[in-house]
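Written out below as structure tokens is the structure these notes cover.
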2 protein chains.
Amino acid sequence: MVSGAVRTYRLLSDGRRQINSFHLPGDMFGFENGKSHRFSAEALVETKVRIVRQRALLCSMADQAGGTTKLIRLVTQNLQDAESHMLLLRRKTALEKVAAFLLEMDERQFRPDVMELPMSRRDIGDYLGLTLETVSREISILRDAGLLRFVGTTQRRLSLLNREELSRYDS
Amino acid sequence: MVSGAVRTYRLLSDGRRQINSFHLPGDMFGFENGKSHRFSAEALVETKVRIVRQRALLCSMADQAGGTTKLIRLVTQNLQDAESHMLLLRRKTALEKVAAFLLEMDERQFRPDVMELPMSRRDIGDYLGLTLETVSREISILRDAGLLRFVGTTQRRLSLLNREELSRYDS
DNA sequence: CGTGGCCTTGAGCATTCTCAATACATGTGG
DNA sequence: CCACATGTATTGAGAATGCTCAAGGCCACG
């Protein structure tokens, strides 16, 4: 990912959509063993990505010293991210999930003063296993508790006012 | 993993336990980028594992032709498993989660006639983000629906009677 | 303005959790 | 061999949580 934001997702047979992950600048994604990818990918905003063929990646890595280690690190990073996502999904209450999600996005954007969410409430819900209404409600609860506030007229731009307290919801 | 079964888990500050994954014979686990492991591991039954140092693994792979590719495959396999687990965790209802879990264990044991669950109901609950009571109830529902039956006196040994129908719950 | 997309909020309902009682298998000591 | 304790699983009832359905607001765009 060079710039922008991408979601990878799957549709279930009953029409529900599960979002597997959001990708932000700096991420690499799409590592697969089989021939076909198991997720679809869509850009959420104007996005620039660099496509690398598996073969090319392997070759370029074999060329440089410590290249293999670097490559392993890259895939392992993806694995660790996935494991963090799972911790998030196993949380019991919706409030915990939403708080953990906001903290995750905050970290990945390097704790900016004003955080930009490139995804809709429905996207967040499909990512967390919640409905968009519940996501909206829980964000309102956090706002009313003074842990965050919206910036400007849109509800996609917000500021975390108390990461300390927010991470307490996150156990 | 040579034989047996292992759970990897984390304790939350409020005492709840999240099980990250169960490992069965043939699996490799514990890939980490940082120095410390982020999960604890416990054997569920009499277990044999083979410990491999990261350095040793990298060296042995560098030696053989296509070793790097093999190694990438290994880590990628772990990543894909993690992604499957996430699909499972995002399922909405408890029945779907339990059905998907049973099918997963069935696959990983190569669809035996009688499946042995090395973990308790509480373990399953901590893995799925449910309580042990809910797990028990959903299994009873599947039993009453004729999709599985217990084998012998223990409730850890069971037989899937209708994988077809079971996978329908799994969307 | 009017429309459409997104978000919020409310009310009632369904599902899951909590707390509690019971059952059952296993292991221990008398 | 028989209590007895312990750990695990099942089941029930009421409470809490999240979902569904619905209404309304706000912004962007034509």
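Below, each value reflects all heavy atoms present in this structure, side chains not excepted, and no hydrogens, waters or symmetry copies. Letters go in sequence order (proteins before strands), and every chain restarts at 1.
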Of the candidate nucleotides [options], which contains the atom at the shortest distance from the side chain of [X]?
{"X": "F150(B)", "options": "dT10(D), dC7(C), dT8(C)", "answer": "dT10(D)"}
{"X": "Q155(B)", "options": "dG12(D), dT16(C), dA9(D)", "answer": "dA9(D)"}
{"X": "E133(B)", "options": "dC7(C), dA20(C), dT8(C)", "answer": "dA20(C)"}
{"X": "R143(A)", "options": "dC17(C), dT8(C), dC7(C)", "answer": "dT8(C)"}

Which atom names give the shortest non-hydrogen contact between Y9(A) and I19(A), and what distance separates them? CB-CA, 3.9 Å

Does [X] place a side-chain N or O at less than 4.0 Å from the phosphate oxygens OP1/OP2 of [N]?
{"X": "T131(B)", "N": "dC17(C)", "answer": "yes"}
{"X": "S136(A)", "N": "dT9(C)", "answer": "no"}
{"X": "R156(B)", "N": "dA9(D)", "answer": "yes"}
{"X": "T134(A)", "N": "dT17(D)", "answer": "no"}

Polar side-chain contact R137(A)-dT20(D) base: donor and acceptor under 3.5 Å: yes

Base, sugar-phosphate, or nothing for T154(A), non-hydrogen atoms under 4.0 angstrom?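 Answer is nothing: T154(A) stays at 4.0 Å or more from every strand.
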
Is G129(A) touching bases, backbone alone, or none of the nucleic acid, heavy atoms closer than 4.0 Å? sugar-phosphate

Could you state the [atom1]-[atom2] distance from [X] to [N], rounded to the nearest angstrom?
{"X": "R122(B)", "N": "dA9(D)", "atom1": "CZ", "atom2": "P", "answer": "10 Å"}
{"X": "L130(B)", "N": "dT18(C)", "atom1": "CG", "atom2": "C1'", "answer": "14 Å"}
{"X": "R90(A)", "N": "dC17(C)", "atom1": "CZ", "atom2": "C1'", "answer": "19 Å"}

Distance-only, no hydrogens or angles: does the D81(B) side chain make a donor-acceptor pair with backbone N or O of N78(B) under 3.5 Å? no

Are the charged groups of R10(A) and E83(B) less than 4.0 angstrom apart, N to O?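 Between E83(B) and R10(A) there is no salt bridge, as every charged N stays at least 4.0 Å from the carboxylate O atoms.
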
Pair D126(A) + R7(A): basic N to acidic O under 4.0 Å: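 The answer is no: the pair does not qualify as a salt bridge.
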
